[in-house]
Amino acid sequence: MSMSEPLLTQIVNQHIPADATIVTIDKPIKHPAIYASDLTGDGMPEIAAVYQQGGELMLLVLKFYQSHWIKMSLTKGLGYGVTLLTAASVTSTARNNLIVGWQMGAIWSKLAVYDWTETGLTDLAPEDLYYSHAEIIDMPGHHGRDGKVEIALWIHDTGEAYRVEIIRWQHGNWVPATDVYPYYFLKVIQYYEPLVEQHPDYLFYWYYLADAQYKAGLFPAALVSVQKALSINKPYPSREVLLELEKKIRQAIGPEGLPHARETTWLFPISVRTTAGTRWGYMDAQGRIRLEPVLDDAQNFQSNGLAVVVKDGKAGIINLNGQFVVQPVYDSINSFAEGRAIVIDAQGFKMIDEQGTILTKRAYPFIANVKDGRALFYLSDSSQAGGEVSRYGYLDTSGNEVIRAQFASANDFQDGKAVVQIKENEYALIDRNGQRLATYPYAYVGPQGDGLLPFQQETSGKYGYIDERGHIRIQPSFTSAFPFNGGYAIVNTAKDYNFIYGVINTQGNFTIQPAYNDIRDLGEHRLALGQAIDPKQSFLGSVYAISEVNGSRLSEFVYTDVANYKGGLASATNGTQTFFLDLNGRPASGYPRVEGSGTLEVVAPDLFKAYVDQRVSYVNRGGQIIWRQNTIVPLHPPYRVREEKYKPNPDYLVYYPQLEGLTDQAVQLAVNAKLKALSQVKPIPANQKLDYTYTGDFDITFYQQQLLQLKLTGYNYPAGAAHGMPTMIYAIINLSSGQMYELKDLFKPNSDYVKVLSKIVGDQIKNDPQYAYVFPDTYEGISPDQPFFVTADALHLYFNPYDIAPYAAGFPTFTIPFAQIKNIINTEGSFWKAFHE
């Protein structure tokens, strides 16, 4: 039920005495003291209003019952005015509490937090809960946002100084919400910083700034501020208080003058689902948000204290303070390697240093990450007969071409040497200056390892190994051969396109007989031996056992996936849980187990990052959740979107949306059933290996007034295929009626919108160079039910992969401003009005 302010005022006036007047709230703008929200938890909004009669304030609550508004409660108010009237989830996420600020003085209000009970409204706030300004926000704490609000009370002290207290309702009591201090006190710092600049001798501003910096976790800055306060005569509030604050700050900083290592200073990426889509930020090791989730994407901080982030679709690099070291102007940025990162923009690939300085003199079609002081690149040459040819060379860490582009193919440097292809049937080993150390007259020579190189004498022939001088050390007898590492190499002996892997030593003798569907080198002298799930369909994948490199098996074939060992631990999953393995191939004791399949990573002494079932979370050693992405997105009360998970099979995973708060429960059930179907929630066998994997997810891409737009995405990947097939469907819903809109609903009847839109799209394909990828003569116009989505100012039509363009083009999308088609839009229709009233 959506009600405008005039309608609410009209309803309230019909239920108050004739000589009563509705109270006006002055800030932030003048408006009547009326608020509609679900206070009882029945999904229907009640109307709360404060009116004045005979010098007294009365709080009225109306409820819609049997097609009429009736008085639900009437409570006597306090003071002489109202500074705040709102509703929020204080005591429960199931319903809202009514929150009133009763004005008691020019800058003082009494806070009342009303809870609906069978006997009416009950004020849960203490009698002495006074404030000057209040903010009511669901603030992120150790476990993120929990759907219930915290209340920040700004209590006037002197001048423009305020003491800030943050409280929440917990287990039937009001308690300090200390876990959200790092989030909220950043705002308090922003308030006091300009005040100390304007009034550097006002002690009370320095004290409150130092206190806010301490509570936000900015300990070095807090120490500077408190020492400034101590240096001024007549310390405020007292020298004893300032000295006690200084002591706390120094204890937090630690004995060596720096905040306690990574536990306080290192940051970890987190994701939050919002009405603007999934947004990313960073938390500290205690789960406190340090950098607010406003980014499109956020990568791990690297050992140099820098992280790649994406903002407004462009990649940049930030430091641990959240400041951009490299502005977000690139299409993508690789991780740093040897102090250098490769960036991509519209011009091509470039190399930058840790300050963001571009080192290369030009853009390249490709640059690999720096390895052993050299970065592989290539240039395209169209002057040769037979079409475009790529030639490879190497850059140094200053971005200079130290080895010119001349090779047909090339590998990364390792220990000062690299294998390159000179031409067909000729390879060479070169040093860091490009000088040849050896030449190999073979059809293929691979990268070096332990002084041996895999090779083929002729194209399509068997693989063997030569030494760096070119002498054959292991005769060609393998279908494929991987580089040696630590005295052993993985080889395939199968014929045709099957897989029969084994392990050989540098003499060519099998240390593990060829009998496996897959073998992975996990590092630290451990291998994962893969046994085919279905021997008749080896492409369906493997189940793994852990072994030593000499073939001694340490576990049964129980792991569906295993990552590399690092520090004696390897992340593994059995399809239902994810955990660490020790070097004995068994689940490591004293470490967490997480439900679902994915990976675990040690990121701090007692903090583990879990990427499980395509969601990032953090747990401690005991498995307690420190952070996980929220599953409820509040919209305008009473509406919200709830995330549900469907995983009937290890190969099938869908996150799908369900709406709450719609007035008509039957309509809500129908809408949610449709969303489940569109999200591909359907019967899937539980204990059967599928010949494909499917993942589905959703995002809120547009929300304005009563219009909610959900993007439902899916990816079906057949086993053994070169790539999967993505899907994208938009569900566009009117929250008042539950109607799910089609393209035709946007336009006037008989407007021939198909013809109009088809011409506009056709003109864009013809005249806009960005659509040069469209297959010639494939576009024949749009269909009446063409896939589409909307933004505030435009209609967007899109096509599925292969419809009119190659797979790599994704979903070709055409933007049509509403202003361009205003004459055929049905501005009186429910679709348009849903987000334009």
Side-chain angles (χ1 to χ4, degrees), residues 366 368 371-372 374 376 378 384 386-394 403 405-431 434-521 527 530 538-539 549 720 722:
F366 171 78
K371 288 189 177 180
D372 200 18
R374 296 288 182 263
L376 181 68
Y378 73 68
Q384 303 293 322
E388 189 173 84
V389 175
S390 296
R391 293 295 177 188
Y392 291 81
Y394 294 89
I403 303 176
Q406 57 187 291
F407 308 119
S409 66
N411 294 282
D412 289 321
F413 269 86
Q414 179 181 326
D415 298 327
K417 294 173 283 191
V419 175
V420 298
Q421 183 182 13
I422 307 301
K423 59 182 180 181
E424 187 174 355
N425 292 315
E426 185 178 341
Y427 284 77
L429 186 68
I430 61 172
D431 65 16
Q435 297 298 313
R436 286 200 200 188
L437 304 174
T439 301
Y440 313 122
Y442 298 120
Y444 168 80
V445 178
Q448 70 271 31
D450 296 343
L452 298 176
L453 301 85
F455 83 108
Q456 285 176 298
Q457 287 181 311
E458 62 276 332
T459 304
S460 301
K462 296 288 187 179
Y463 288 80
Y465 291 87
I466 57 176
D467 62 23
E468 292 184 354
R469 291 177 294 176
H471 301 141
I472 296 176
R473 295 300 184 185
I474 301 175
Q475 291 294 328
S477 59
F478 310 114
T479 306
S480 60
F482 294 87
F484 270 89
N485 178 29
Y488 59 89
I490 300 167
V491 295
N492 181 16
T493 63
K495 298 179 180 179
D496 303 322
Y497 297 99
N498 292 321
F499 313 112
I500 304 177
Y501 286 98
V503 176
I504 61 173
N505 60 22
T506 53
Q507 287 73 48
N509 300 318
F510 280 102
T511 59
I512 297 179
Q513 291 299 315
Y516 298 99
N517 192 56
D518 186 20
I519 298 181
R520 299 182 185 177
D521 185 352
L527 302 171
S538 59
F539 58 85
V549 294

* Asked: What do the steps show when you test Ile504 against Phe478 for side chain to side chain contact (heavy atoms under 4.5 Å, CB included), and what is the final call?
  -> CA-CA 11 Å; Ile504 61 173; Phe478 310 114; 4.0 Å; yes
* To do: Kindly say whether Ile430 contributes a backbone atom to a donor-acceptor pair with the side chain of Gln435 at under 3.5 angstrom?
  => no
* **salt bridge (Lys or Arg N to Asp or Glu O under 4.0 Å) partners for Asp412, two or more places apart** => Lys371
* Structure fact -> Here the pair of heavy atoms bringing Ser538 nearest to Asn517 is CB-OD1, 3.1 Å
* **Considering all heavy atoms, the nearest Ala405-Arg391 contact** => CB-O, 3.4 Å
* To do: Using atom types as modelled and distance alone, determine if a side-chain donor or acceptor of Thr506 lies under 3.5 Å from a backbone N or O of Gly487.
  => no
* Using modelled atom types only, decide if a donor and an acceptor are shared between the side chain of Asp431 and the backbone of Lys417 within a distance under 3.5 Å. => no
* Structure fact -> Hits for salt bridge (Lys or Arg N to Asp or Glu O under 4.0 Å) against Asp521, two or more places apart or cross-chain, chain-then-number order -> none
* To do: Given side chain to side chain contact (heavy atoms under 4.5 Å, CB included), test Asp518 with Phe499 step by step and report yes or no.
  => CA-CA 7 Å; Asp518 186 20; Phe499 313 112; over 6 Å; no
* Ile474 and Asn505: which non-hydrogen atoms are nearest, and at how many Å? -> CD1-O, 4.0 Å
* Asked: How many angstroms lie between atom CG of Asn492 and atom OH of Tyr516, to the nearest 0.5 angstrom?
  -> 14.5 Å
* Structure fact -> One should read off an interatomic distance between Ile519 CD1 and Leu527 CG, to the nearest 0.5 angstrom, of 6.5 Å
* Non-hydrogen atoms of Ala443 and Asn425 that approach each other most closely -> CA-OD1, 3.3 Å
* To do: Go through the steps for Phe407 and Gln421 under the test side chain to side chain contact (heavy atoms under 4.5 Å, CB included), then give the verdict.
  => CA-CA 6 Å; Phe407 308 119; Gln421 183 182 13; 5.8 Å; no
* Indicate yes or no: at least one non-hydrogen side-chain atom of Tyr392 is less than 4.5 angstrom from one of Leu376. => yes
* Candidate pair Val420 and Tyr394, rule side chain to side chain contact (heavy atoms under 4.5 Å, CB included), full reasoning -> CA-CA 11 Å; Val420 298; Tyr394 294 89; 3.6 Å; yes
* Asked: Tell me, do Tyr488 and Asp450 make a side-chain contact under 4.5 Å, heavy atoms counted?
  -> no
* **Contacts of type side chain to side chain contact (heavy atoms under 4.5 Å, CB included), residue Pro447, not counting sequence neighbours** => Asn411, Tyr444, Pro483
Identify each donor-acceptor pair in which a side-chain atom of residues 507-515 lies under 3.5 Å from a protein atom, sequence neighbours left out, and give them as a table.
{"from": "Thr511", "atom 1": "OG1", "to": "Val503", "atom 2": "O", "distance (Å)": "3.4"}
{"from": "Thr511", "atom 1": "OG1", "to": "Val549", "atom 2": "O", "distance (Å)": "3.4"}

Please report, to 0.1 Å, the donor-acceptor pairs under 3.5 Å made by any side chain of residues 457-467, with sequence neighbours excluded.
{"from": "Tyr463", "atom 1": "OH", "to": "Gln456", "atom 2": "OE1", "distance (Å)": "3.3"}
{"from": "Tyr465", "atom 1": "OH", "to": "Phe482", "atom 2": "N", "distance (Å)": "3.4"}
{"from": "Tyr465", "atom 1": "OH", "to": "Phe482", "atom 2": "O", "distance (Å)": "2.6"}
{"from": "Asp467", "atom 1": "OD1", "to": "Arg469", "atom 2": "N", "distance (Å)": "3.0"}
{"from": "Asp467", "atom 1": "OD1", "to": "Gly470", "atom 2": "N", "distance (Å)": "3.0"}
{"from": "Asp467", "atom 1": "OD1", "to": "His471", "atom 2": "N", "distance (Å)": "2.9"}
{"from": "Asp467", "atom 1": "OD2", "to": "Arg473", "atom 2": "NE", "distance (Å)": "2.9"}
{"from": "Asp467", "atom 1": "OD2", "to": "Arg473", "atom 2": "NH2", "distance (Å)": "2.9"}

* To do: Determine yes or no for a side-chain-to-main-chain donor-acceptor pair under 3.5 angstrom, with Asp372 supplying the side chain and Gly416 the backbone.
  => yes
* Just jot down the salt bridge (Lys or Arg N to Asp or Glu O under 4.0 Å) partners of Lys423, sequence neighbours excluded, or say none. => Glu426
* To do: Evaluate the ring-ring contact (aromatic ring centres under 6.0 Å, His included) criterion for residues Phe455 and Tyr442: first the C-alpha distance (whole Å), next the side-chain angles of each, then the deciding distance (0.1 Å), finally the verdict.
  => CA-CA 7 Å; Phe455 83 108; Tyr442 298 120; 4.8 Å; yes
* State, yes or no, whether a side-chain contact exists between Lys495 and Thr479 at a heavy-atom distance under 4.5 Å. => no
* Kindly compute the distance separating OH (Tyr440) from CG (Leu429), expressed to the nearest 0.5 Å. => 4.0 Å
* Answer with yes or no after comparing the ring centroid distance for Tyr378 and Phe366 against a 6.0 Å cut-off, counting only values under it. => yes
* Could you pull out the closest heavy-atom pair between Arg436 and Ala428, with the gap in Å? => CD-CB, 4.0 Å
